[in-house]
Amino acid sequence: MRLKISRGTMTEKLSNGDHQTTSKLPPTPSPLRNSKFLQSNMRILVTGGAGFIGSHLVDRLMENEKNEVIVVDNYFTGSKDNLRRWIGHPRFELIRHDVTEPILVEVDQIYHLACPASPIFYKHNPVKTIKTNVIGTLNMLGLAKRVGARILLTSTSEVYGDPLVHPQPESYWGNVNPIGVRSCYDEGKRVAETLMFDYHRQHGIEIRVARIFNTYGPRMNIDDGRVVSNFIAQALRGEPLTVQLPGTQTRSFCYVSDLVDGLIRLMEGENTGPINLGNPGEFTVLELAKTVKELINTEVEIKMVENTPDDPRQRKPDITKAKEVLGWEPKVKLRDGLPLMEDDFRSRLGVGKQK
Ligand SMILES: NC(=O)c1ccc[n+]([C@@H]2O[C@H](COP(=O)([O-])OP(=O)(O)OC[C@H]3O[C@@H](n4cnc5c(N)ncnc54)[C@H](O)[C@@H]3O)[C@@H](O)[C@H]2O)c1
Ligand SMILES: O=c1ccn([C@@H]2O[C@H](COP(=O)(O)OP(=O)(O)O[C@H]3OC[C@@H](O)[C@H](O)[C@H]3O)[C@@H](O)[C@H]2O)c(=O)[nH]1
């Protein structure tokens with residue numbers, strides 16, 4: 001028998017006469033939640049929306065005239081330039097804010113992307129990276145709870161660490177070094193996933209968790225440090241392609257438009273996840289270098305260089321669940337996606353095509 005509901009706490013009387021607190025209901029959203037451009041609109045917060053994936057996601061969300069989009073970003077690895085087409089648009093707002101601090105905005109959905117994703121940047125200030133993953137996710141879950149929003153976390157294939165199971169299904173728990181130089185990111189994302197599920201079980205928050213595998217495309221920072229952007233920039237500058245040893249390590253590369261499609265399907269669907277989103281086409285890093293050389297600049301040399309600790313030796317998503325639950329699979333092959341990224345890098349680097 002339900003006895004009372006006070007401050008979101010539901011108390012039940014058990015058959016032995018004891019009382020037990022069983023679940024907490026999110027508080028009723030404030031009237032500000034309805035203060036939209038149009039009543040029927042969906043108001044969506046994108047944290048990290050000035051970054052690579054975030055800005056492509058914003059483009060897709062803004063295409064729908066029933067969406068209002070608010071971006072929160074501290075510009076650590078992102079840039080206002082990625083969002084310049086939307087600045088001043090009546091359905092768009094941009095807020096400079098660090099997610100390690102709380103924020104109150106009345107929204108219906110939260111895409112929580114804020115976190116540096118390139119190993120060079122996330123290792124630069126590891127304490128800040130882990131704060132972003134843990135405190136940042138706590139703050140966004142607190143917001144979701146307060147305003148009754150659905151929240152999606154962009155987790156990562158790095159939660160599988162250096163995987164002992166190949167390809168990686170969502171049921172694999174991973175092989176992660178808890179004290180290594182990548183741990184601020186890998187373990188940070190693992191804690192972020194834990195927080196998502198604890199808020200879901202304890203507070204009834206509607207959650208979605210995507211595990212994203214290596215994604216590439218236009219707008220990646222030119223000196224981002226990740227392998228696809230490095231190789232394309234090096235090929236265009238006529239510099240050697242730096243393959244980190246041993247070069248036999250594998251990755252699976254997903255084009256950004258496919259990934260964004262998967263994120264939106266996950267948010268709009270009924271499954272909490274975690275769900276792998278990635279392209280199962282698997283390449284060694286040396287194969288990637290040879291492909292970039294063939295497609296972009298056959299003159300450049302390929303140079304083997306030292307690697308950094310704990311680099312995963314193989315990575316490929318098992319996307320059976322994404323196919324079944326979301327009806328999603330990537331469409332763009334690596335050989336078709338690389339030239340699209342090349343065009344963007346050429347225009348930003350000011351390097352024309354040779355006739
Ligand atoms: N690109 C990939 O291959 C990949 C793979 C797996 C997971 N992901 C995840 O997807 C998300 C986006 O990745 P991306 O490739 O677009 O990276 P990105 O570095 O281009 O974008 C991250 C954005 O978050 C912002 N940010 C960082 N810390 C912040 C903080 N404390 N407060 C507010 N904003 C902050 C940055 O300024 C940037 O705009 C990240 O959560 C990342 O972990 C990406
Ligand atoms: O110039 C380079 C850069 C990287 N590499 C190699 O290329 C592979 C991929 O490295 P990246 O830095 O692009 O990305 P990683 O796969 O290590 O990590 C990524 O994984 C998924 C996401 O969460 C993040 O975007 C990022 O952490 C690694 O084996 C690395 O050693 C090179 O050989 N040369």
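The residues of the chain are indexed from 1 along the displayed sequence. Atoms within each ligand, like the ligands themselves, are counted from 1 in listed order.
Contact annotation: for Phe213 versus ligand 2, there are no heavy atoms closer than 4.0 Å. Using a 4.0 Å cut-off between heavy atoms, Arg182 contacts ligand 2 through its side chain alone, with no backbone atom that close. With a 4.0 Å cut-off on non-hydrogen atoms, Val285 touches ligand 2 through its side chain and not its backbone. Under 4.0 Å from ligand 2, heavy atoms of Arg226 appear from its side chain as well as its backbone. With a 4.0 Å cut-off on non-hydrogen atoms, Asn307 touches ligand 2 through its side chain and not its backbone. With a heavy-atom cut-off of 4.0 Å, Val227 touches ligand 2 through backbone and side chain alike.
Atom 42 (C) of ligand 1 has its nearest heavy-atom neighbour, among Tyr185, Phe253, Tyr75, in Tyr185. Nearest-residue assignment for atom 11 (C) of ligand 1 (options Val72, Val71, Leu259, Leu113; heavy-atom criterion): Leu113. Remark: among candidates Gln244, Met220, Glu158, Lys303, the nearest residue to atom 27 (O) of ligand 2 is Glu158, based on non-hydrogen atoms. Of the candidates Cys115, Pro116, Gly48, Ala210, the one placing a heavy atom closest to atom 22 (C) of ligand 1 is Cys115.
Considering backbone and side-chain N/O of Ser157, none are found under 3.5 Å from N/O of ligand 2. Between Arg251 and ligand 2, a contact under 3.5 Å exists for at least one N or O pair. Backbone and side-chain nitrogen or oxygen atoms of Thr156 are examined, and one is located within less than 3.5 angstrom of a nitrogen or oxygen of ligand 2. Ligand 2 has an N or O atom lying under 3.5 Å from an N or O atom of Ala117, backbone or side chain.
Considering only residues two or more places apart in sequence or on other chains, Glu282 meets the salt bridge (Lys or Arg N to Asp or Glu O under 4.0 Å) condition with none of them.
In the vicinity of Gln249, heavy-atom distances shorter than 4.0 Å reach the ligand 2 atoms 29 (O), 31 (O). Annotation for ligand 2: atoms under 4.0 Å from non-hydrogen atoms of Tyr185 are 22 (C), 23 (O), 24 (C), 27 (O). Within the listing of ligand 2, atoms 1 (O), 2 (C), 3 (C) sit less than 4.0 angstrom from a heavy atom of Asn230.
The shell of residues lying under 4.0 angstrom from ligand 1, judged by heavy atoms, includes His97.
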